[in-house]
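Here's the structure, in structure tokens; my notes come after.
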Amino acid sequence: MPQYTAPLRDMQFVLHELLHVEEELKQLPKHAEVDADIINQVLEEGGKFASNVIFPLNHSGDREGCHIDKEKHTVTTPKGFKEAYQQYVEAGWPALACDPEYGGQGLPVVLNNSFFEMMNSANQAWMMYPGLCHGAYECLHAHGTPEQKKVYLPKLVSGEWTGTMCLTESHCGTDLGLLRTKAEPQADGSYKITGGKIFISAGEHDMAPNIIHLVLARLPDAPAGTKGISLFLVPKFIPNADGSLGARNGITVGAIEEKMGIHGNATCQMNLDGAVGWLIGEPNKGLNAMFVMMNAARLGVGMQSLGLTEVAYQNAVVYAKDRLQMRSLTGPKAPDKPADPIIVHPDVRRMLLTARAYAEGGRAFSSYVALMIDKELNHPDEAVRKDAADQVALLTPIVKSFLTDNGWISTSEALQVYGGHGFIAEWGMEQFVRDARINMIYEGTNTIQSLDLLGRKILMDNGAKLRKFGAQIQAFVEDNGLDEKMNEFITPLADIGDKVTKLTMEIGMKAFQNQDEVGAAAVPYLRVAGHLVFAYFFARMAKIALEKENSGDSFYKAKLATARFYFARLLPETAMLIRQARSGSANLMAMEEDSF
């Protein structure tokens with residue numbers, strides 16, 4: 001059976017030695033009192049909860065799945081899920097990074113992000129129930145009316161109620177401008193909402209007494225397309241004036257989707273039949289409000305795959321050290337045994353190091369983005385907030401896409417370490433692979449994220465955000481360029497930085513003539529950009545490890561070995577990707593449709 005131990009040592013390295021979060025948080029009045037001891041204590045307790053409470057439910061929850069009673073419109077989650085959620089609420093975990101005004105603990109996003117990684121390693125399907133609540137909280141906190149905040153935020157912060165976002169319809173996924181759900185205004189200021197939504201994660205369940213749905217719909221006079229979408233708050237039960245549960249609302253589950261993975265999460269078809277809702281934000285400006293939730297969700301989806309990358313790596317290592325197969329090519333390494341453990345074989349190590357490098361790089365990168373969110377929200381200097389916001393805008397699609405692509409690669413490599421046993425359910429690896437696959441689709445497919453990065457975040461502002469981040473990399477290169485020990489990291493980092501600059505300019509020039517050039521280049525371009533970011537953080541981590549490799553702590557030698565593997569074995573993928581991105585759209589668009 002699989003196992004999981006929270007990677008606390010590496011998390012502490014990233015937060016304290018790489019990012020110096022304690023010093024960074026002292027600049028933010030809201031978080032100035034958060035020190036290393038608080039951070040470490042939260043991580044340690046979070047790791048215990050992940051390993052001891054929800055990880056044991058991961059395999060059984062996958063096998064059991066969720067069950068629907070269509071007559072009663074109810075869903076039962078797998079055995080133990082509801083009880084684990086009550087422990088989660090009682091321990092105060094939902095309130096970790098929420099506003100103290102509504103009962104939150106007011107801790108920084110960068111700490112909450114690490115907690116989410118552990119929870120996703122332990123049980124992604126379970127974590128999606130409370131994980132979506134945080135996005136609903138963020139949306140209402142930013143765009144809700146004072147009355148909405150007073151009624152709903154304390155319940156979401158405490159975890160007493162949960163939340164969802166209801167976007168997708170059967171005829172429209174990414175193209176939300178096609179949605180048909182209607183909202184009719186009522187005399188009392190509410191709206192009657194009618195339509196159908198699909199793929200609604202945690203849309204119905206038995207883990208909390210009320211579910212707050214954030215629903216996209218159209219007003220009667222709404223303009224066509226995305227400019228005519230409004231956002232509504234639609235509770236499962238309409239609260240009474242005293243906050244208790246009132247009448248059952250007209251939003252019900254019609255079916256549970258039969259999925260490839262995340263069987264423990266109820267992915268629902270939701271029917272709205274004159275459901276009562278209230279407008280969030282301005283009429284026809286629903287996407288503006290929903291994007292607060294979607295951006296939080298995109299970082300969250302990246303953490304889902306990072307979590308799966310870590311847990312798959314951990315289990316593959318245990319197996320590789322124990323499984324005996326053949327002898328080492330350089331002679332027996334375990335002469336007292338009939339064969340050597342497979343970890344002695346070079347390609348097994350390649351698979352393990354691939355997962356390890358993608359986990360460690362993803363942890364550093366996502367923690368940095370989370371810290372930038374804290375700065376964007378809380379720094380007293382407006383210029384610092386603006387710079388942080390630009391970085392978050394630029395890096396969010398990379399977090400979502402690069403980490404989920406890498407999660408799919410890593411879980412697949414980890415499964416391969418097991419050979420035939422990896423394909424057998426009892427070992428747990430095949431579940432990690434199945435669960436990882438959905439993350440490349442969630443919250444805008446990775447192609448959509450790539451188009452957002454290249455088209456909107458880079459070309460639309462003539463590369464200003466990219467140049468700003470590139471200047472940060474260039475400064476690091478210049479500061480360390482004369483250090484001979486750093487040469488093996490600085491030279492390839494500088495090289496990929498130059499190549500990204502040239503590739504961006506080339507695609508931009510082509511796009512003036514033909515916008516299909518952006519669509520043709522976007523996916524490989526994002527992956528190149530992801531490697532640029534990873535190379536930067538691995539070079540920074542290598543610098544720290546070089547300074548401490550003789551300290552007697554084997555952690556730093558392992559960090560150096562992982563960094564060297566990344567630069568030697570994974571970064572070179574960019575050569576192929578750059579050639580793909582430069583090849584243009586003609587080889588994709590030339591074939592007539594009838595020839596497919």
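Sequential numbering from 1 along the given sequence is applied to the chain's residues.
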Identify whether NZ of Lys or CZ of Arg in Arg248 sits under 6.0 Å from the centre of the six-membered ring of Phe237 and within 45° of that ring's axis. yes
Carboxylate-amine/guanidinium proximity below 4.0 Å for [X] and [Y]:
X      : Y      : value
Glu44  : Lys48  : no
Asp62  : Arg434 : yes
Glu443 : Lys400 : no
Glu310 : Arg363 : yes
Lys155 : Glu160 : yes

Heavy-atom side-chain contact between [X] and [Y] under 4.5 Å:
X      : Y      : answer
Leu140 : Gln148 : yes
Gln314 : Thr5   : yes
His141 : Tyr102 : yes
Leu15  : Ser114 : yes
Leu214 : Cys166 : no
Leu216 : Lys197 : yes
Trp161 : Cys133 : no
Ser366 : Met303 : yes

Please evaluate residues Ser305 and Asn406 with respect to the criterion side-chain hydrogen bond (donor to acceptor under 3.5 Å, both in side chains), reporting the C-alpha separation (whole Å), side-chain torsions for both, the decisive distance (0.1 Å), and the verdict. CA-CA 8 Å; Ser305 281; Asn406 293 344; over 6 Å; no
Please evaluate residues Asp435 and Gln431 with respect to the criterion side-chain hydrogen bond (donor to acceptor under 3.5 Å, both in side chains), reporting the C-alpha separation (whole Å), side-chain torsions for both, the decisive distance (0.1 Å), and the verdict. CA-CA 6 Å; Asp435 287 355; Gln431 182 189 346; 3.2 Å; yes
Mark yes when over 12 heavy atoms from residues, nucleotides or ligands other than [X] sit less than 6.0 Å from its [atom1]; otherwise mark no.
X      : atom1 : result
Glu282 : CD    : no
Lys30  : NZ    : yes
Arg180 : CZ    : no
Lys149 : NZ    : yes
Lys259 : NZ    : yes
Asp273 : CG    : no

Centroid separation Tyr88 to Trp126 less than 6.0 Å: yes
Could you tell me the separation between the [atom1] atom of [X] and the [atom2] atom of [Y], rounded to the nearest 0.5 Å?
X      : Y      : atom1 : atom2 : value
Glu169 : Leu178 : CD    : CG    : 9.0 Å
Met118 : Leu306 : CE    : CG    : 11.5 Å
Gln449 : Asp405 : CD    : CG    : 10.5 Å
Ile229 : Leu179 : CD1   : CG    : 4.5 Å
Leu395 : Met372 : CG    : CE    : 9.0 Å
Met128 : Asn120 : CE    : CG    : 9.0 Å

Mind checking what makes ring-ring contact (aromatic ring centres under 6.0 Å, His included) contact with His134, not counting sequence neighbours?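 Applying ring-ring contact (aromatic ring centres under 6.0 Å, His included) to His134 gives Tyr137.
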Can you tell me if Ser244 and Asn240 form a side-chain donor-acceptor pair at under 3.5 Å? yes
Run the salt bridge (charged side-chain N to carboxylate O under 4.0 Å, His left out) test against Glu64 and tell me which residues pass, sequence neighbours left out.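 With neighbours one apart ignored, the set is empty.
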Heavy-atom pair with the smallest gap, counting every atom of Gly264 and Cys66: O-SG, 3.3 Å
For a quick test of reading the model, state the closest non-hydrogen atom pair linking Pro220 to Ala183 and the distance between them.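 Result for this residue pair: CD-O, 3.2 Å.
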Scan for salt bridge (charged side-chain N to carboxylate O under 4.0 Å, His left out) pairs involving residues 409-418, sequence neighbours excluded, and state none if there are none.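 Only Arg350-Glu413 qualify under salt bridge (charged side-chain N to carboxylate O under 4.0 Å, His left out).
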